[in-house]
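Report on one structure; see the data block that follows.
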Amino acid sequence: MPGYAVLATHSTAQAAPEQGAASAVVQLLDEAGAAQGPAVVLSGDQLAGFVRDVEARRPRWVWARTADWYPGLLAAGCTVERACDLALSRTILRHSTAAAETGYTVGLRSGEADREDADPAALPPARIPENQDALFSEPRDERTSVEAVAAEFLEQQRAVPATPRGRRLQLLLAAESAGALVAAEMRHHGIPWRPDVHEALLAGALGPRVAPGARPARLEEVAVELRAALRAPGLNPDSPQELLRALHRVGVDAKSTGQWELREYSHPALEVLQRYKKLSRLHTANGWAWLDAWVHDGRFRPEYVVGGVVTGRWASRGGGALQIPHTIRDAVRPDDGHLLVVADAAQLEPRILAALGRDNGLADAARGRDLYQGIADQGFGGDRSHAKIAMLGAMYGSTTGEAGRLMPQLTRTFPQAIGVLERAARTGEAGGVVGTYLGRCSPAASERWLAGQRATSAEEQRRADGAARTRGRFTRNFVVQGTAAEWALCWLAEIRLRLRAARAAGRDDGELVFFLHDEVMLHVPAEAAERVSAMVQEAAERAAVLMFGRIPVQFPVGVVVVGSYADAK
DNA sequence: ACGGGCCGCGCG
DNA sequence: AAAGCGCGCGGCCCGT
C-alpha cells in the first residue's frame, strides 16, 4: 500500500525508454517516505493508464507542479484524489515564520531568495519548466528527477513542526494543493457559455458586429453626441488627455477623467461620457474579440493561478476570468438538463475577523444573515450604513472621512477584533511580517523600503511615513483577506471531496466550474440541484470547523439555483 | 515598431 | 457613503 506516488520527468538512476520520447517516471513511497521497489519508467502514452491503476490504491501524488501534470491527465480522463504541489508548498514554506526554525528556509528567507537575481544554487530544485511540452524538451536536469522531487517532498514534510502552528501550516499546504487540483479541474470542465446569448447582448447594446478596430454603430453615435456636448468636434473619447482638456474647456475642472471624480461635477456632457465609457468597456473588454479568443465549444476556460496573489487569493490569466462583468453574466447558461448552483459566503471578511480576534461581540453580531445590521444594533444605534462604512474602513485602513470618524466607536464596541487589525498595521508600519491564521506570511520588507525608512531630511521623513502607512494598510488587510482565502480554499476542497464521494457512490452531482474569492459555481444535473445546494452549505460549515474548531462564529452561505448566472444576484 | 508605465474600470 | 485592500486587461502615451 503506497503512501505516496512521486511523479517526475525522469530518473537519475534509469535511462529513458527511447531517446527524445515523452516520458515520465513514478516512484512509490511508503508512509515513512521509503522507496517501494524501483521507479517505473513510462512513455507518454502509458502515463494516464498507469496513474489510473495506481490511483485505485489512493496514494497521495507528489509532483513539482500540478499545472504541469494534471491537465494532461484530465485530458486523458484520469482524476486523482489527493496531490502535493511542491512549488506551491515551497512558496508558502519559504516565507513561513513557523517553518523558520527547521532548516528548510535557512538562507532563503532574508529577502535574497525573493529576488530574481538571487544565486540559484542557493535554492531548492529550481527552474521547473512551465508546461509539459517544455518539460519533455528540457535537458534532463537532475533537479527535476524523481529522486530530487521525492527528496524535496520529504524535506518539506520535515520543515513543518509538530506544534499547533505546524498543524495549521500543514492544513494550509493541503488546502493549497487541493486548490491546485480544483483549478485544473475547473479549467478542464469550463464555464458553460452561450455565444449566441452573448452576441445577442452585444448586438442589442452596440449594434451589428464590426471588424476589429472599428467602432460599433451605437458607440459611434454616443461619441458624436459627446463631441457635440463638449463642443469638441475632433475629440477622441478614448484619450484621457484629450478628454480632460475638453472637460476643462467647458468648466469641469477635474484632475482626472475617472468616474469617481467626475461624480463631483455637474455638466450635461458627463452623463453622455458615462454612457460612452460603459459601452466602450463592453466592446473592448468583453466584446466580439473576447468571445472569439476565449469561448470555444460552449465553454470559457480561464487559467487560474493558484496562490497568484500574495494574500493567497487566486489570480487568473487570460480572459479576465475574475472580472466577468454583471452585464454579460446572462451568457453563462447551463447545458440542457442542467442548472447552475451559485453560492457565496455572506460578508466573509468581517466574520473571519471575528474568528481571528475570538471576538464574542462581533461573533454575536454575525449571528444573523446580515452581519452589518448586527454591528449596527450593537454599536451604531441601528444605523446599518454607518456600521458597514466603519467595518470596511477598519479592514482597509481608511482614516479619513466618515470611516475615520466612526473608528473610535467601532473600537469601543469590538476591541478584540479591531485589536487584530491595529496590531497587524503597526507590525507592517515597522517593517515586520504578519501571518494569516493558517500561517501564510506576508512578504518581508524590501531593502529599498527599509532604506527609505532611514530618512534624514524632513521631506524624506514625510515620504517614509507615507510608505510606512501604506505598508501598514497592506499588512492590516493581509491578515483578513489571506485568512478569508484560506477559508475559501477549505470550502472548495470540502465541496470537491463531496462531489467525488457522490461520484464514487454512482451519483452525478456535477462539477465545480467557477470560483471567485468567496463565491463558487457548480454546473449540475437538474435533479441534483437541491441536493448540491445543501451539500455546499454543509461544506462551508465543515470548512469553518476544519480551520477554527468549534467557535461561535457563523459563516452563512447564500445558495441559489439558477438557469442563468445573471439571476444569481 | 515595440514595449513599459500609466490610466481607467471590471471583479471580490 | 467613501475613495482605505487585492487583482487583470485594454487602450493610450511616450521613450527607445
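The model shown is predicted, which means the values in this text are computed figures rather than measured ones.
- Because its NZ or CZ atom is both nearer than 6.0 Å to the ring centre of A:Y437 and within 45° of the ring axis, A:R168 counts as a cation-pi partner of that residue.
- Between the CG atom of A:L492 and the C1' atom of B:dG12 there is a distance of 14 Å, rounded to whole Å.
- Regarding A:L219, its CG atom lies at a distance of 12 Å from the P atom of C:dG11, rounded to whole Å.
- In this model, the phosphate group of C:dC13 is approached by a side-chain N or O of A:S239 to a distance below 4.0 Å at OP1 or OP2.
- Rounded to an integer number of Å, the gap from A:I328 CD1 to B:dC9 C1' is 14 Å.
- Remark: A:K278 is not in phosphate contact with B:dC9, judged by side-chain N or O atoms under 4.0 Å from OP1 or OP2.
- One atom, CG of A:L244, and another, C1' of B:dG8, lie 13 Å apart when rounded to the nearest Å.
- Contacts of A:T327 with the nucleic acid, taken as non-hydrogen atoms under 4.0 Å apart, are absent.
- Contact check, A:K277 against B:dC9: a side-chain N or O comes under 4.0 Å of OP1 or OP2.
- Side-chain contact between A:D567 and A:Y565: absent, with no pair of heavy atoms (C-beta onward) separated by less than 4.5 Å.
- Side chain of A:H248 to backbone of A:L243: no donor-acceptor contact under 3.5 angstrom is found.
- In terms of heavy atoms, A:L489 sits closest to A:G179 at CD2-CA, 4.0 Å.
- Going from atom CG of A:L243 over to atom C1' of B:dC9 covers 14 Å, rounded to whole Å.
- Between A:Q241 and the phosphate of B:dC6, there is no side-chain N or O to OP1/OP2 separation shorter than 4.0 Å.
- Atom C1' of nucleotide B:dG12 and atom CD of A:Q347 are separated by 14 Å, given to the nearest angstrom.
- Residue contacts shown for A:H326 are limited to sugar-phosphate atoms, with no base heavy atom under 4.0 Å away.
- In this structure, A:E220 pairs ionically with A:R227, as a charged nitrogen and a carboxylate oxygen lie closer than 4.0 Å.
- Once rounded to the nearest 0.5 Å, the distance linking CD of A:Q554 with CD1 of A:I551 reads 10.5 Å.
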Legend entry - Criterion ring pair (Phe, Tyr, Trp, His ring centres under 6.0 Å) on A:W314 and A:H517, from CA distance to verdict: CA-CA 7 Å; A:W314 292 9; A:H517 308 319; 9.2 Å; no
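- Base orientation at B:dG5 is anti, since its O4'-C1' glycosidic dihedral falls outside 90° of 0.
- Ionic pairing of A:R299 and A:D297 is not present here: no N-O contact between side-chain nitrogen and carboxylate oxygen is shorter than 4.0 angstrom.
- Comparing B:dC9, C:dC12, B:dC11 by their closest approach to the side chain of A:D238 singles out C:dC12.
- The residue A:I324 sits close only to the backbone: its heavy atoms come under 4.0 Å of sugar-phosphate atoms, none of a base.
- Atom pair A:N236:CG and C:dC13:C1' shows a separation of 12 Å (rounding to whole Å applied).
- Exactly one of A:V520, A:V524, A:I495 qualifies for a side-chain contact (heavy atoms from CB on, under 4.5 Å) with A:V341. That residue is A:V524.
- Residue A:E349 is out of contact with every strand shown, counting any heavy-atom pair closer than 4.0 Å.
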Inset, instruction - Would you give a per-nucleotide map of nucleotides 1-9 of chain C, 5' to 3', where B means the base has a protein non-hydrogen atom under 4.0 Å away, S means only the sugar-phosphate does, and - means neither? - result: BSBBBBSBS
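- The NZ atom of A:K569 sits 9 Å away from the C1' atom of B:dC11 (whole-angstrom rounding).
- For the helix from B:dA1-C:dT16 to B:dG12-C:dC5, the rotation axes defined at the first and last 5 base pairs enclose an angle of 10°, given to the nearest 10°.
- Annotation: A:W290 is in aromatic contact with A:W193 [ring centroid separation under 6.0 Å].
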